[in-house]
Structure formats: C-alpha cells, structure tokens
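Here is the structure we will look at.
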Number of protein chains: 2
Amino acid sequence: MARHKTYDCSAGCPVEATLDLIGGKWKGLILYHLLDGTLRFGALRKCIPGVTARMLTQQLRELEASGLVHRKVYAEVPPRVDYSLTALGESLREVVLSLKAWGEVYLGRGAQRPQRSALVR
Amino acid sequence: MARHKTYDCSAGCPVEATLDLIGGKWKGLILYHLLDGTLRFGALRKCIPGVTARMLTQQLRELEASGLVHRKVYAEVPPRVDYSLTALGESLREVVLSLKAWGEVYLGRGAQRPQRSALVR
DNA sequence: CAGTATCCACCCAGATACTG
DNA sequence: CAGTATCTGGGTGGATACTG
C-alpha cells in the first residue's frame, strides 16, 4: 500500500505494517500463487483473473520494492520475466497460509477447489 | 472492502476473501485492539491515532456487517457504545497475531513497544 | 511476451460543521 | 459521547492503444 502519510501508528504497529505490504488489492493473491514457485508474468496473470497488466505490473513492482519478490529478466526474444519470492517473501508463507486457512473456513468449505499447487508441479 | 465488482477470483480465493475482510485501511488495527476485549468508541479512537470519527464509524460498520464485530448501544446519557469481537471475529485471533508476529520481525525488533495489552487489563 | 503511456471516471478519505 | 452531513481534492484503478 505504502500510503498513510499522516498515519501515526504505521511506524509502530506490526499488524498494519504487515497489512501494508500484503494488503494491496492483488498482493495477497500474487504472494499466494508464488508460494508454489517461480512464475512468469503471463502465468501469474492467468492465475489471477480480473487483473490488468497495468495493475499486475504495479503491484509486482511494489512487492519488489518491499523486498518480498524477486524479478528476473531474461535477455531473450520474446521477452521473459520470472517472478519468485525472496527469502523475506518466503518468510510470509505461514502468514499467507493462515489467511488462506481462515478464508476457507469462512467461505464455508474445508475442501477448496484445487489451486495451481494441485494442478501443476 | 467489499468492492471488486468484476473480480472473478474473489468468490473462490480464500486469501483474498480474508484480506477483503481485514485488509481495509483500519480494520486490522481495530481487530487487533479488540483482541484484548471490549472497547468504547472513544477508547478505540485513542488506540488508533490518525483515524477520524468518520472513518472509524465506517470501518466498524463494515466489520459489523461482516459479522466480525458486535456493537452494543447503551440507552444512556451521555451515549455509550461498546464494540467487541463476535465469535467469528475472535476466530481471527491467530491470523491477526500471525500478522503481528511477522510485522514485528519485519520492523526489526523482537521487543515491541508495549501495546494496550501490556498496559491495561 | 511483457510491459508502458495516456486518459478519465469513480470513490475514498480528510476537513469541517452540526446533532441527539 | 458518539456519531452524521456535506463538500471536496486526490489517488486508484479500468480501458485502450502502443512498443521493444
């Protein structure tokens, strides 16, 4: 998010600090999908229906600036860019899984429609 | 949040579903402070420096609509309104504490400046 | 393929004033 | 005390067209 110009608590509140990093509109999703491993830009886009290239790029750049995501550009034609979690991003695994676990119960089902992790890899 | 009119994933993604509920600008903070017990409107406001009455009211109403927070109005003069977590809200405790724990490490300190939990109750 | 650039509608949130 | 009402600027994100 990285806003809160006049937000006294942000400097001292760990809950909001975390939410600022992963609470963006698409950040949680991106992080979640990257938990399964490296993904190309296009693959990530397919994982997140509804996101525009503009938004995905923007959110990825913010995640990169936060040090959560690593961006690797290949000097190829056609272009190829791989996104993966950094060690810091990886350290969010438990947090993201915690969000996921609660969400599954909240959505009223223990059995979630299979995600990429169950389909690929 | 409750937006995402054209957001295909929201129906099926538990991570985003959770983030939609707690990821609002102040929701995480509100939930976090209510973990310690019931708080009046004014007390909550003092806990969250920077929030306006308007915003606090709005976020609390959304949390109430989500079934995470309970609002109890006393027929007194001066008025008194107590906010507390519902059972559903309480079930988020681990999630919120998980966000907090990660945030503390991220902010580079194991020892957090004492919060209300250490000062009151 | 992986973006950027530009335009623009919308709505979020701050400030301020007022009320039961 | 615990809000509500109103106005308003600025930021956010969608659509579209273009590029290396």
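Letters go in sequence order (proteins before strands), and every chain restarts at 1. Everything numeric in this text was worked out from a predicted model, so none of it was measured.
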Quiz item: Less than 3.5 Å between a donor and an acceptor, one on the side chain of R54(B) and one on the base of dG3(D), is that the case here?
Solution: no
Quiz prompt | Residue from R71(A), E64(A), H33(A) passing side chain to side chain donor-acceptor pair (under 3.5 Å) with Y83(A) | solution = R71(A)
Quiz item: Within this structure, what is the CG-to-P distance between L39(B) and dG3(D), rounded to whole angstrom?
Solution: 13 Å
Quiz prompt | Protein-nucleotide distance (R61(A), atom CZ; dT4(C), atom C1'), rounded to Å | solution = 10 Å
Quiz prompt | Shortest side-chain distance from A53(A), nucleotide among dG20(C), dA2(C), dT4(C) | solution = dT4(C)
Quiz item: What integer distance in Å separates L60(A):CG from dG13(D):P?
Solution: 14 Å
Quiz item: Sub-3.5 Å donor-acceptor pair from the side chain of T18(B) to the main-chain atoms of W102(A), do we have one?
Solution: no
Practice problem: Select from V51(A) and G42(B) the residue whose nearest nucleotide in DNA chain D is closer to the 5' end of that strand. | Solution: G42(B)
Quiz item: Has R80(B) got its NZ or CZ under 6.0 Å from the middle of the six-membered ring of Y74(B), at an angle within 45 degrees of the ring axis?
Solution: yes
Quiz item: What would the secondary structure line of DNA chain D be in dot-bracket form, counting Watson-Crick and G-U wobble pairs under 3.5 Å, with [ ] for pairs that cross earlier ones and | for pairs with another strand?
Solution: ||||||||||||||||||||
Self-check item: V77(A) with F41(A), same ILVMFWY side-chain cluster at under 4.5 Å
Solution: no
Quiz prompt | Gap between atom CG of L39(A) and atom CZ of R45(A) - 0.5 Å precision | solution = 14.5 Å
Practice problem: Hey, which sits more toward the 5' end of DNA chain D by its nearest nucleotide, P78(A) or T52(A)? | Solution: T52(A)
Exercise. Could you tell me the separation between the CZ atom of R40(A) and the P atom of dA2(C), rounded to a whole number of Å?
Key: 4 Å
Quiz item: Which is true for R45(B) with a 4.0 Å heavy-atom rule: it touches a base, it touches only sugar-phosphate, or it touches nothing?
Solution: nothing
Quiz item: Considering heavy-atom distances to DNA chain C, does Y83(A) or M55(B) have its closest nucleotide positioned more toward the 5' end?
Solution: Y83(A)
Exercise. Would you name the heavy atoms of G67(A) and T86(A) that are closest together and state the gap between them?
Key: O-OG1, 2.6 Å
Quiz item: Over how many whole Å does the gap from I30(A) atom CD1 to dA2(C) atom P extend?
Solution: 14 Å
Quiz item: Hey, does the side chain of K25(A) come within less than 4.0 Å of dC12(C)'s phosphate (OP1/OP2), counting only N and O?
Solution: no
Quiz prompt | Between C1' of dA2(C) and CG of L56(A), the distance in whole Å | solution = 10 Å
Quiz prompt | salt bridge (Lys or Arg N to Asp or Glu O under 4.0 Å) contacts in which one or both residues fall within residues 85-96 of chain A, not counting sequence neighbours | solution = E90(A)-R93(A)
Quiz item: Between dA2(C) atom C1' and L44(A) atom CG, what is the distance in whole Å?
Solution: 12 Å
Practice problem: In whole angstrom, give the distance that lies between atom NZ of K72(B) and atom P of dA2(D). | Solution: 15 Å
